[in-house]
Amino acid sequence: MSRSTVWHPFTQHAIAPLPVPIVAAEGAYLTAAGGRRIYDGISSWWVVTHGHRHPRIIDAMKRQADHLDQVIFAGFTHAPAEETAEKLVHLTARSFGNTELAHVFYSDSGSTAVEVGLKMALGYWRNVGEPRTRIIALEHAYHGDTIGTMSAGARGIFNAPYEPLLFDVARLPFPQSGREDETFTALEDLLRQTPTAAIILEPLVLGAGGMLIYSPAVLRRLSEIGRSHGALLIADEVMTGFGRTGTIFACEQACITPDILCVAKGLTGGSVPLAATLSTRAIFDAHYSTDRTKTFFHSSSYTANPIACAAASANLDIWLNEPVVERIAALAELQLTRLAALVNDDRFTNCRQIGTITAVDLTVNDAGYLADVGPRLYQHAITNDVLLRPLGNTLYVMPPYCTTAADLDRVYAVMQNAVQAVTSRM
Ligand SMILES: *Cc1c(COP(=O)(O)O)cnc(C)c1O
């Protein structure tokens, strides 16, 4: 095979095996060239919700493609964008029990949704005449791979080369179970020191940071402390949104409404890229003025692409009209029973679950993202037609919602065999 010219994401080409060519996907499965079927245990990097190629989402895109492919979104609008925004506002109103999130700004990835959120927060404070610029973020956070979102995210091997150019944010210790007070105290102290523009959080679970879970009560307390000092709350629900944690949005479980809500991955059901940043009326109103300098100066070329919006609109219909939350509860139950089988196995520690996600840490000497164990587990699983992509020594399952009991039985069997194979050679 001749060398490909393609440069892949998060891939060290000097040592990575050749990528697997995929020709089709359906439900929870990918089909490789040659017909091999691979179970998609990480929902294709956390984006696929109901399953690959959901018929209603695919049909909506086909119909839209026959009418309007793309149009500039400044000075123009179109039905798929208007409908999607209305449905998003409706869905969040239903989830949060209020209509505070009243405006929808489109972009095209999780990173841009978060960048937009940060810019909205800073724009808000400037436009109300109280220019606050401090951002507070959690230790181990991940908010994307652009400079702004890397700045908000944890520092490490991923961003070492860019570190000198990243802007400073104040960092909160992760609210470890039993030591949450340290996080609350640190937040109080930071807020007292400097007027803060916004606190940015991944609600209930830090994904790329290692599937680190904290409770709704902690989220609620962090939100209350922030609010008492006037700081805005940016909820990065790029991963948690659309059912991952058992509710449509993770913030629901803490009975809080953020000032800014970022969604992306599951917005189109995982079919095509689209992101949205929802804001309160107050933030929109701070930008609403006859003074042009108060404009929200942000755009992507493909803002609100009509085909992507048609996919999102069809996806939102599924959430609004079908018992998806009940379906997810059944999947969470299937996950729970299988995870229980690992709890007393001392090769696994920190067995944890939130909604549809399960995660375990492997007992290894060499932990952390670059741990050698990760690529070996990956390789063992994929050889057995299961896609799992450990975060260092953390192995997790984030299944598409159409996953069956039999699918999961296979996944957990492969996990146990993989761990057996990998640890016996250490
Ligand atoms: C994946 C992710 C992002 C970045 O989304 P992209 O679409 O990959 O840019 C941001 N925040 C969280 C919490 C994520 O999981």
Side-chain angles (χ1 to χ4, degrees), residues 8-11 42-49 105-121 135-156 158-159 162 166 169 172 174 198-214 219 222 233-245 248-251 258 260-278 298 300-305 308 311-312 315 354-357 359 369 389-392 394 396-399:
H8 287 262
F10 269 70
T11 300
I42 61 161
S43 296
S44 281
W45 244 348
W46 316 353
V47 300
V48 173
T49 50
F105 191 94
Y106 289 109
S107 63
D108 27 41
S109 74
S111 299
T112 55
V114 173
E115 290 276 347
V116 163
L118 292 168
K119 286 174 69 173
M120 277 179 178
I135 304 290
I136 298 178
L138 272 181
E139 180 192 17
H140 305 305
Y142 177 78
H143 296 293
D145 278 344
T146 54
I147 296 288
T149 58
M150 276 193 295
S151 299
R155 307 297 157 89
F158 307 104
N159 41 44
Y162 331 110
L166 302 183
V169 306
L172 282 181
F174 177 79
I199 303 169
I200 180 164
L201 295 173
E202 292 158 88
L204 303 188
V205 51
L206 277 61
M211 300 298 158
L212 306 175
I213 297 168
Y214 61 98
L219 176 58
L222 293 173
L233 179 66
I234 304 176
D236 176 355
E237 294 234 20
V238 169
M239 185 275 274
T240 53
F242 300 98
R244 277 296 163 206
T245 66
I248 300 182
F249 301 102
C251 284
I260 293 172
L261 174 72
C262 309
V263 293
K265 290 183 170 119
L267 176 55
T268 62
S271 56
V272 289
L274 184 72
T277 308
L278 281 76
H298 189 97
S300 314
S301 309
Y302 285 99
T303 303
N305 171 262
N315 176 48
I354 182 163
T356 68
I357 308 168
Y369 183 84
R389 205 185 145 89
L391 295 157
T394 299
Y396 68 91
V397 188
M398 197 186 287

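The figures here come from the full heavy-atom set of this structure, side chains too, leaving out hydrogens, waters and symmetry mates. Read the numbers this way: they start at 1 and go in the same order the structure lists the ligands and their atoms.
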For ligand 1, which atoms have a heavy atom of [X] less than 4.0 angstrom away?
X: Met239; answer: 15 (O)
X: His143; answer: 10 (C), 11 (N)
X: Asp236; answer: 10 (C), 11 (N), 12 (C), 13 (C)
X: Ser109; answer: 7 (O), 9 (O)
X: Gly110; answer: 4 (C), 5 (O), 6 (P), 7 (O), 9 (O)
X: Trp46; answer: 15 (O)

Next item on the list: Please verify whether a non-hydrogen atom of Glu237 lies at under 4.0 Å from ligand 1.
Entry: no
Notebook entry, point to check: Aromatic rings Phe158 and Phe10: how do their planes relate, parallel, tilted or perpendicular, breaks at 30° and 60°?
Noted result: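 Phe158 vs Phe10 ring planes: tilted.
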Check: Hey, are Thr112 and Glu115 close enough side-chain-wise for a donor-acceptor pair under 3.5 Å?
Finding: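 Side chains of Glu115 and Thr112: no pair found under 3.5 Å.
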Check: Can you tell if the side chain of Trp46 reaches within under 4.5 Å of the side chain of Val238, non-hydrogen atoms only?
Finding: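 Not in contact.
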Note to self: Counting C-beta onward and ignoring hydrogens, is there a side-chain heavy-atom pair between Glu237 and Arg244 closer than 4.5 Å?
What the structure shows: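 A side-chain contact is absent here, since even the closest heavy-atom pair is not under 4.5 Å.
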Notebook entry, point to check: For the residue pair Tyr106 and Tyr302, is the inter-centroid distance of their aromatic rings smaller than 6.0 Å?
Noted result: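 Ring centroids of Tyr106 and Tyr302 are no less than 6.0 Å from each other.
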Margin query: One residue to check: Tyr142. Relative to ligand 1, which of side chain, backbone, both or neither has a non-hydrogen atom less than 4.0 Å away?
Written below: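 Answer for Tyr142: both.
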Next item on the list: Kindly determine whether Leu206 and Tyr214 satisfy side chain to side chain contact (heavy atoms under 4.5 Å, CB included), including the steps that lead there.
Entry: CA-CA 9 Å; Leu206 277 61; Tyr214 61 98; 3.5 Å; yes
